[in-house]
Amino acid sequence: MEANMPKRKEPGKSLRIKVISMGNAEVGKSCIIKRYCEKRFVSKYLATIGIDYGVTKVQVRDREIKVNIFDMAGHPFFYEVRNEFYKDTQGVILVYDVGQKDSFDALDAWLAEMKQELGPHGNMDNIVFVVCANKIDCTKHRCVDESEGRLWAESKGFLYFETSAQTGEGINEMFQTFYVSIVDLCENGGKRPTTNSSASFTKEQADTIRRIRNSKDSWDMLGVKPGASREEVNKAYRKLAVLLHPDKCVAPGSEDAFKTVVNARTALLKNIK
Ligand SMILES: Nc1nc2c(ncn2[C@@H]2O[C@H](COP(=O)(O)OP(=O)(O)OP(=O)(O)O)[C@@H](O)[C@H]2O)c(=O)[nH]1
């Protein structure tokens, strides 16, 4: 049995699990937990100092689950305090603010910090991760759209939820699915159940969608050099069309990426003799 698995008990008996929150400062980690546990929202920002700890009980199917929640401070200053708490975790709530691109871009660094602290024998495959795209109520400031967040999460086999700690949207669904997945994982001997979505698109498709999204012009979108011939443009287009056609690709954002590629090809061919 893996090191960070809680002791397996008979089905129906109680289970004790540890979950942690991760993500940049001010993305709403504490508020998400408060919204779920205390059904309230605190609008004033009170930075978490190091770690906040709480215990709650939830029911999953016929099991009573005792959840130890460690809410970690996002500020880099608290790294030394945080690094003690990564071990023996069964679930991670990974949060970013949809209005702060930096907090989305930082998700990889959060995973890297956890990996480093777990050490060479640490295994992150037996931990359930849920990504919360938080503050969706702030629609005016949104700069990370759903397909971008979902693509990042699902290509790693993580759960993804759009949440607002302010309105409560998505919070209960997120926690329920999260706890069920952790119990499934514990009952499955520590193997993370594969989500349908993570199994249904490839890394190449996910990377291509991200590349197209970050392209600076039509040449770049098709992955050809500026000044490429009609033949080269058409060849690149055909390859991308096979990879991203909505009938074949269900990765989040594939439909938009496909349309972008069609438009890029049309624009380029207009100007190539
Ligand atoms: N509009 C809106 N504001 C939110 C939401 N969630 C949190 N906030 C606000 O964002 C600020 C930061 O929230 P916290 O929950 O303290 O953030 P945190 O990620 O725990 O921050 P650290 O403890 O510093 O790591 C507070 O002013 C909250 O009121 C949300 O869903 N919508």
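When a ligand or atom number is given, it counts from 1 through the structure's own listing order. Below, each value reflects all heavy atoms present in this structure, side chains not excepted, and no hydrogens, waters or symmetry copies. When a residue number appears, it is its place in the shown sequence, counting from 1.
- The part of A73 lying near ligand 1 is the backbone, judged by heavy-atom distances below 4.0 Å.
- Under the 6.0 Å distance and 45° angle rule, R35 does not count as a cation-pi partner of F41.
- For ligand 1, the polar-atom distance check against V27 finds a nitrogen or oxygen pair separated by under 3.5 Å.
- Per-residue contacts place S30 under 4.0 angstrom from the following atoms of ligand 1 (heavy atoms of the residue considered): 15 (O), 20 (O).
- The ligand atoms of ligand 1 that sit less than 4.0 angstrom from a heavy atom of K29 are 15 (O), 17 (O), 18 (P), 19 (O), 20 (O), 21 (O), 22 (P), 25 (O).
- Residue contacts with ligand 1: C138 is placed with no nitrogen or oxygen under 3.5 Å of a nitrogen or oxygen of the ligand (distance criterion only).
- Between R63 and E187, at least one side-chain nitrogen of the basic residue sits less than 4.0 Å from a carboxylate oxygen of the acidic one, meeting the salt-bridge criterion.
- Defined by atom type and a distance below 3.5 Å, a donor-acceptor pair is present between the side-chain atoms of E117 and Y79.
- Any N or O atom pair closer than 3.5 Å counts here, and E26 shares at least one such pair with ligand 1.
- Interface of F41 with ligand 1, defined as ligand atoms under 4.0 Å from a residue heavy atom, comprises 3 (N), 4 (C), 5 (C), 6 (N), 7 (C), 8 (N), 29 (O).
- If you look at T48 next to ligand 1, the close heavy atoms, those under 4.0 Å, come from the backbone and the side chain alike.
- A salt bridge between R213 and D145 is present, with a side-chain N of the basic residue lying under 4.0 Å from a carboxylate O of the acidic one.
- Cation-pi geometry between K39 and Y36 is met: under 6.0 angstrom from the ring centre, within 45 degrees of the axis.
- For a threshold of 3.5 Å applied to N or O pairs, the pair formed by G74 and ligand 1 contains at least one separation below that value.
- For ligand 1, the polar-atom distance check finds an N/O of Y45 within less than 3.5 Å of one of the ligand's N/O atoms.
- For the residue pair D97/S103, the side-chain donor-acceptor check at 3.5 Å is not satisfied.
- Here N24 has backbone heavy atoms under 4.0 Å from ligand 1, and that is the only part of it that gets that close.
- The shortest N or O to N or O distance between V42 and ligand 1 is below 3.5 Å.
- By the 3.5 Å distance cut-off applied to N or O atoms, A165 is counted among the residues near ligand 1.
- Taking 4.0 Å as the cut-off between side-chain N and carboxylate O, K135 and E26 do not count as a salt-bridged pair.
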